[in-house]
Structures are given as C-alpha cells and as structure tokens.
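Presented below is the structure to which this report refers.
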Amino acid sequence: MLVHDTPDGRAAGRIVEVEAYRGPADRAAHSSGGHRSARNEVMYGPAGHAYVYFVYGMHHCVNVVTQGPGVPEAVLLRALEPLDGLDLMRRRRGLPGAPEWRLCRGPGALCQALGIARGENGADLRRGPLRLVAGPPVPARDVARSPRIGIDYAGPDVARPWRFYVRGVRAVSGRRR
DNA sequence: TGTCCGATTGGT
DNA sequence: CCAATCGGACAG
C-alpha cells in the first residue's frame, strides 16, 4: 500500500497496477542507453526511494526505485484502490462526487490524489510522510500482465509484458483484460 | 536558442 | 480523435 501524510491529512491506497522499467537495456525507460540527468538522477540512487517526474506539462508520475546504486531500474505506480482519505482525494482531484474507483486510476491521477509532486522526488519510501506499507498478499492467480501503456516510441520493447495489475479491480487504468 | 515530444488525462 | 501545457532532450 502507498500512504502519504500531509498537513491536509492522510491519503492511502492499495497498489493495483504497476509497470517495470528495466534500466539501460530497456528502450522505454528514462534510463535507456544509460541516459542520466538531473531529471532521472534518483533512478541511479539506492532502492526504496521515490522517483517522481513531471510529464505533458501538467502531470506527475511516481516510481519506486528497485535496484542498488548505479542500476537505474524502477517500477511505475499506475493505479491505487483508495483506502483512506477519500474526501481529501476528491478535493485534490477537483471531482467532488467522484466514485472511489476514479480517484487514483492512472499514474497522473494517483499523484494528484495523494498530493505527490516534485517535492517528493527522492523521498525514502521506507519511512517518512510518503511510504510503502505491506498489505495483504495478492494471490499470484489474481495478477495479470500485459504490455506497458504509452510507450509506442520504445521500438523492440513495446510488446514486453511488464505491466502488472490485479484482475477484476475497477480502479485499474487502461485495458483490464 | 529553437524545435520536438512526452511512462497522461478528460472531453468530443 | 484531440487539446492542454511545459520541461527535457537534442540539433545547430
């Protein structure tokens, strides 16, 4: 589960959709070809920290860095099933009467709902206001996989089935089967 | 400096 | 299908 405590309150959700980005050899990754810059610097740091970036001039996306220093791999968090702070999420999203499955569906939506932005880039997800917390295990049979979304530029890696999501969950973005 | 385009979203 | 919106990447 992902939890974020801020002065406005707590917002949290169960992670139900992710994508793996596998470093220099993965054409879809920001670290493709060993590319390194101020933007993706956190990917090169220790595992367990948040890599937050800004895209399309208006959205943020959050990743969990997954490998040790020098190995730029990460997992993009694409959707959460809201668990706590639903009204706070609705306020942040500007969707007063939205059903819960709409609040954190999609990487940009999830960041807006939890109040995640540039300030959270590099945050230690093991402790602190933005953190990962263990929840009930998801049985392997409930996890489905598919190609990743929005990476048509990735050439040979477009079809790699590195998107994982929980079956039957409405909060999952994109194709759910 | 200039141009191109994006790990998206929400509405037509 | 398309616009919104701006910072990063890269060519010159």
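A, B, ... follow the sequence lines: proteins, then strands. Residue 1 opens every chain.
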Parsed dot-bracket for DNA chain C after applying the Watson-Crick and G-U rules with both distances under 3.5 Å and | for other-strand partners is ||||.||||||.
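Here CZ of R131(A) is found 4.5 Å from CG of D5(A). Values are rounded to the nearest 0.5 Å. For the atom pair CD of E73(A) and CZ of R22(A), the computed distance is 6.0 Å after rounding to the nearest 0.5 Å. Separation of atoms OG (S173(A)) and CZ (R102(A)) is listed at 12.0 Å; rounding is to 0.5 Å. Taking CG of D142(A) as the start and CZ of R167(A) as the end, the distance is 7.5 Å to the nearest 0.5 Å.
Comparing dC2(C) with dC5(B), their C1' atoms sit 16 Å apart, to the nearest whole Å. Separating the P atom of dG2(B) from that of dT5(C) is a span of 22 Å, rounded to the nearest Å.
Both cation-pi conditions hold for R148(A) and Y21(A): the charged atom is under 6.0 angstrom from the six-membered ring centre and inside a 45 degree cone around its axis.
Using modelled atom types, one finds no donor on one side chain facing an acceptor on the other under 3.5 Å when comparing Q112(A) with R92(A). No side-chain donor from either of R27(A) and S32(A) sits under 3.5 Å from a side-chain acceptor of the other.
Heavy atoms of R27(A) sit nowhere under 4.0 angstrom from any nucleic acid atom.
Every residue two or more places apart in sequence or in another chain that forms a side chain to side chain contact (heavy atoms under 4.5 Å, CB included) with H30(A) is listed here: R39(A), N40(A), M43(A), Y51(A), Y53(A).
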What string of B, S and - do you get for nucleotides 4-12 of chain B, 5' to 3', when a contact is any protein heavy atom under 4.0 Å?
-> --BBBSS--
